[in-house]
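This report refers to the structure that appears directly beneath it.
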Amino acid sequence: MTGPFPVELLLGDTLAVARSLIGARLVRGSGPDARIGRIVEVEAYIGPEDLACHARTGLTRRNATMFGPPGRAYVYLVYGMYHCLNVVTEPEGSPSAVLIRAVEPLSGIEHMRRARAERLAAARRTTPSEANARPAVGTSAAGPASNGARLAAGPGLVCVAFSIGRADDGANLCDPRADLRLEAAPIGESLPIQAGPRVGIDYAPEPWRSRPWRFYVPGNASVSVAAGPGQDAGLAR
DNA sequence: GCAAAGATTTGCT
DNA sequence: GCAAATCTTTGCC
């Protein structure tokens, strides 16, 4: 069994916190319909001096949650169409967070699949009528991802699978009674951890662009494709 | 007040 | 392999 995720674990060094979040459970809802996934990929964003971190611009309306207490969910909209979920770390006033990049679905997989299908259908409806005439792709329950391993294999997909939006910004993920929450990994469970450069931050100057602040489980089928296979190939031996 | 780009994903060439 | 989708936030005039 799993238990609550202690907020004390989020107070320390964000790089250590990022590693400790690998293997933790992300949970949405309760009972038989609960969606549960194991975190297999994260990235650390550390304070105003990290020029890849949203806190680099100082306190703004968007990133205010990052300046708050640890254990809160920092959720923002990226590219106008996807949300990203972060776990706020370090004491209040120290703006750092860990981006949840990928989750391995464990329970409620059908619920996640449904959320994904609804998302694609909604996007399709807003496109020109010509698009409506084309057959739906990716909405089928069958296909390569039928085992569900890829349902949350990316930061945007995590939020789709767990129905996470701006309404969840600021929520306390360490509250065991919360609808969206973290839970600790089962006692004795251990996963290998690989470090590599963060993904999608080409706008950041060195040395931040190359800092190995992305952590993931090598070889896990639910890790995002963006930089997984190539790095694994070079580091897996 | 306006233009540009973004911690992404998908589908077409 | 590349560009579109889509909208909020940021940066500059």
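Naming: A, B, ... by sequence-line order, numbering from 1 per chain. On a predicted model such as this, the values are computed, not experimentally measured, just so you know. Side-chain atoms are counted along with the backbone in the values below, which use heavy atoms only and exclude waters and symmetry mates.
When the C1' atom of dT8(C) is taken as reference, atom CZ of Arg166(A) falls 8 Å away, rounded to whole Å. Here dA4(B) presents its P atom at 20 Å from CG of Asp202(A), a figure rounded to the nearest Å. The separation between Tyr74(A) atom OH and dT9(C) atom P is 9 Å, rounded to whole Å. In this structure, CZ of Arg119(A) is placed 10 Å from C1' of dT8(B), rounded to the nearest angstrom. Spacing between atom CG of Leu151(A) and atom P of dT9(B) amounts to 13 Å, rounded to whole angstrom units. Distance CG (Asn86(A)) to P (dG6(B)): 17 Å, rounded to an integer number of Å. Distance OH (Tyr76(A)) to C1' (dT8(C)): 12 Å, rounded to an integer number of Å. To the nearest angstrom, P of dT9(C) lies 15 Å from OH of Tyr203(A).
The aromatic ring centroids of Tyr76(A) and His83(A) lie 6.0 Å or more from each other.
Checking dG11(C), dT8(B), dT10(B) against the side-chain heavy atoms of Pro155(A) singles out dT8(B) as nearest. For Ile201(A), whose side chain is taken as the heavy atoms from C-beta onward, the closest listed nucleotide among dA7(B), dT9(B), dT10(C) is dA7(B). In the set dT9(B), dC7(C), dT8(B), the nucleotide with an atom closest to the side chain of Leu157(A) is dT9(B). Looking at the side chain of Arg62(A), the nearest of the listed nucleotides dT9(C), dG6(B), dT10(B) is dT9(C). For Tyr82(A), the side-chain atoms get nearest to dT10(B) when compared with the rest of dT10(B), dT8(C), dA7(B).
Residue contacts for Gly80(A): at a heavy-atom cut-off of 4.0 Å it reaches a base atom on one of the strands shown. Residue-level contact check: Ala204(A) touches neither bases nor backbone, having no heavy atom under 4.0 Å from any strand. Nucleic acid contact class of Leu99(A) (heavy atoms, under 4.0 Å, all strands): base.
By the rule that hydrophobic residues join a cluster once side-chain heavy atoms approach within less than 4.5 Å of another member, Val158(A) and Ile109(A) end up as members of one cluster.
Residues Arg25(A) and Leu106(A) meet the side-chain proximity criterion, which asks for heavy atoms closer than 4.5 Å.
Distance noted for atom C1' between dA7(B) and dG1(C): 23 Å (whole Å). Taking atom C1' on both nucleotides, dA3(C) is separated from dA5(B) by 15 Å, rounded to a whole Å. dT6(C) sits 23 Å from dC2(B) when the P atoms are compared, rounded to a whole Å.
Mapped onto DNA chain C by nearest heavy atom, Met81(A) and Gly58(A) fall at different nucleotides, with Met81(A) at the one closer to the 5' end.
Atom CZ of Phe215(A) is separated from atom CD1 of Ile39(A) by 14.0 Å, given to the nearest 0.5 angstrom.
Using the Watson-Crick or G-U wobble rule with both distances under 3.5 Å, dT6(C) pairs with nothing in any strand shown. Partner assigned to dA7(B) is none, using Watson-Crick or G-U wobble distances below 3.5 angstrom.
Each of Thr89(A), Ile201(A), Asn63(A), Val98(A) was checked for a side-chain contact (heavy atoms from CB on, under 4.5 Å) with Tyr45(A), and the lone residue meeting it is Ile201(A). Under the side-chain contact (heavy atoms from CB on, under 4.5 Å) test applied with Val40(A), the options Asn220(A), Ile193(A), Ile22(A) reduce to a single match, Asn220(A).
Between Thr60(A) and the phosphate of dT10(C), there is a side-chain N or O to OP1/OP2 separation shorter than 4.0 Å. The side chain of Arg101(A) contributes an N or O atom lying less than 4.0 Å from OP1 or OP2 of dT8(B). Regarding contacts with the backbone of dT10(B), every side-chain N or O of Arg150(A) stays at 4.0 angstrom or more from both OP1 and OP2.
With hydrogens and angles ignored, no donor-acceptor pair under 3.5 angstrom links the side chain of Tyr79(A) to the base of dA7(B).
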